[in-house]
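Here's the structure we're looking at; comments come further down.
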Amino acid sequence: MEHYRDAMSTVDARPNVSVLRGAADLFADMIDSADAITDEVIAQIIGGDHAYAEGTFSTELLYSIVRENVDTMLRELSGRGGSLDAPRRAGRVKAEHGIPVASLLHAYRLAGLQLWKEMMSRSERSDRSQDLLRVSSHVWGIIDRYSDAAAEAYLEVIDGRDRADRRAREVLLVGLLEGMTPPGDVTRVLRTLQIPDRAAYIVVAAEPTHSGAEPLPSGAQLLRAAGISSSWATWKGSLVGLLAGPVGSDAEVLSIIERAAVSRVGVSLPFATVSAAPEAMRQASTSMLCIPPSGIGVGRYGAAPLDALLVSDFWHAAELRDGVLGALKRLEPRDAEVLIQTVETWFACGGSTAEAGRRLHCHRNTVLHRLGRLEALTGRAVARPADAAELFAALRASRLLGNSSPGDRPPAVSTLRRPGRDD
């Protein structure tokens, strides 16, 4: 055996046609012995691999697969055609029966060694050892190709099963978040989702990036490392998740989500019973929309109540924005933005024109002049509390809704409904 292995290292991996023809008769003669070769391979497989001996994989099925592969290999080596259908079937069937991929590949190694042993024995008896050595790389190349084809088909089955399982879990999670899961099934669903039935829960809603990339690319891993269980699904175009951790872990969860976020993300308040999941889903969706469009950040429900009110009533918020700030559309965009930035800064400074001027790098009289222009355009003066409230709310609506019109659909995953139309 060592003699053959040493010689193989010097053999051309692509023998010419005449060399292949010289060895073809050797392989063709072996086709009649396919049954005996198959029996020997099966004996080695069953004797050395508990996955076959202890599983539900029948000997008859194993014989069928091994016999088909041995026959197909020999026919290809003898120049009578070849096909990867046999190894692909082997990979699919073994995946479906739960045979480990390592056992699948081990079976091909055993088959290859048994075939090579039989080839050596026959070549020595017929004085064709040199012919066999010249095509040895070709022989092992075919065996490797069959092994690769079987492994590829095996992984296709596993990947398909994983996708189906993942989709099934997503359906269960969405049902839980929408309140569609019967009370008697909640424990079973949580077990399937690998979520504890006693925990502090949080719902997260994350908007996909403009490129379509994951909005929380490392979120699940970071949560798992912190001992936080999570289950995720794609729902209405966004990523939603149910998180479960120890009581008091919500601050750590928020910190992890903030580190992982690459888009708009909303986080609900913590809750103790899964029956509150639909309300938490609404909170997370609302909080996500409290981040301005195209922004990146995490909104925690309750942190911006006015913003939450505006995005919860999308259509009236758009009407408020247009009703109060509509006159600014007649200005040049840059001029309108200067006025908006000025009044936003004035509000942020608590109504101090001097501080607003410092932040805007202009004189306080310039701030007063711009506020006067805004009053003339909108009919609302910041000095009157009611007018100031309308201006502030309209400015927030403008930032949160962008250019959306009252007739547009609400953005992202929102569960919000238009009054009088969806009820």
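When a residue number appears, it is its place in the shown sequence, counting from 1.
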Heavy-atom donor-acceptor pair, [X] side chain to [Y] backbone, under 3.5 Å:
X	Y	result
T345	Q341	yes
S268	V203	yes
R259	L222	no
S58	L61	yes
S263	E207	yes
S238	W235	no
Y154	I99	yes

Excluding sequence neighbours, so at least two apart, what forms side chain to side chain donor-acceptor pair (under 3.5 Å) with D162?
->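 With neighbours one apart ignored, the set is empty.
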
Is any side-chain heavy atom of [Y] closer than 4.5 Å to one of [X]?
X	Y	answer
W116	S136	yes
T342	L374	no
I65	F57	yes
H210	S294	yes
L176	P278	no
L377	L331	yes
D85	E68	no
Y146	L84	yes

Look up atom [atom1] in [X] and atom [atom2] in [Y], then write down how far apart they are to the nearest 0.5 Å.
X	Y	atom1	atom2	result
S231	R169	OG	CZ	7.0 Å
L242	L190	CG	CG	7.0 Å
I195	L243	CD1	CG	7.0 Å
W346	R370	CH2	CZ	15.0 Å
S229	L223	OG	CG	9.5 Å
E390	L325	CD	CG	10.5 Å

Just do the side-chain contact (heavy atoms from CB on, under 4.5 Å) check on M30 and L115 with the steps written out, would you?
-> CA-CA 9 Å; M30 291 176 61; L115 282 168; 4.2 Å; yes

Between [X] and [Y], what is the shortest heavy-atom contact and its length?
X	Y	answer
L400	L289	CD2-O, 3.8 Å
L391	R380	CD1-O, 3.8 Å
R264	G295	CG-O, 3.4 Å
V265	A206	CG2-CB, 3.9 Å
F27	L77	CD1-O, 3.4 Å
G299	S287	O-CB, 3.2 Å

Quick one: do V204 and L216 satisfy side-chain contact (heavy atoms from CB on, under 4.5 Å)? Show the steps, please.
-> CA-CA 10 Å; V204 173; L216 294 166; 4.1 Å; yes

Does the side-chain contact (heavy atoms from CB on, under 4.5 Å) test come out yes or no for R300 and L269, once each step is laid out?
-> CA-CA 7 Å; R300 176 70 180 269; L269 296 175; 4.1 Å; yes

Among side-chain atoms of [X] and [Y], is any donor-acceptor pair under 3.5 angstrom?
X	Y	answer
Y108	D148	no
R188	T181	no
E118	Q114	no

Salt bridge between E355 and R359, side-chain N to carboxylate O under 4.0 Å?
->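 Counted as a salt bridge, because a side-chain N and a carboxylate O are separated by less than 4.0 Å.
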
Other residues, nucleotides, ligands: >12 heavy atoms within 6.0 Å of Q194 CD =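 No - once you tally the heavy atoms of other residues, nucleotides and ligands closer than 6.0 Å, there are 12 at most.
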
For R399, which residues count as a side chain to side chain contact (heavy atoms under 4.5 Å, CB included) partner, sequence neighbours excluded?
->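 Testing R399 for side chain to side chain contact (heavy atoms under 4.5 Å, CB included), a comparison that skips the adjacent residues, returns E337, I340, E344, R396.
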
Stepwise side-chain hydrogen bond (donor to acceptor under 3.5 Å, both in side chains) test for S121 and R125 = CA-CA 6 Å; S121 176; R125 290 199 304 268; 2.6 Å; yes

I143 vs V139, side-chain contact (heavy atoms from CB on, under 4.5 Å): CA-CA, chis, key distance, verdict = CA-CA 6 Å; I143 294 171; V139 172; 4.1 Å; yes

What orientation do F347 and F392 show, parallel under 30°, tilted 30 to 60°, or perpendicular over 60°?
->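 Plane angle over 60°, so perpendicular.
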
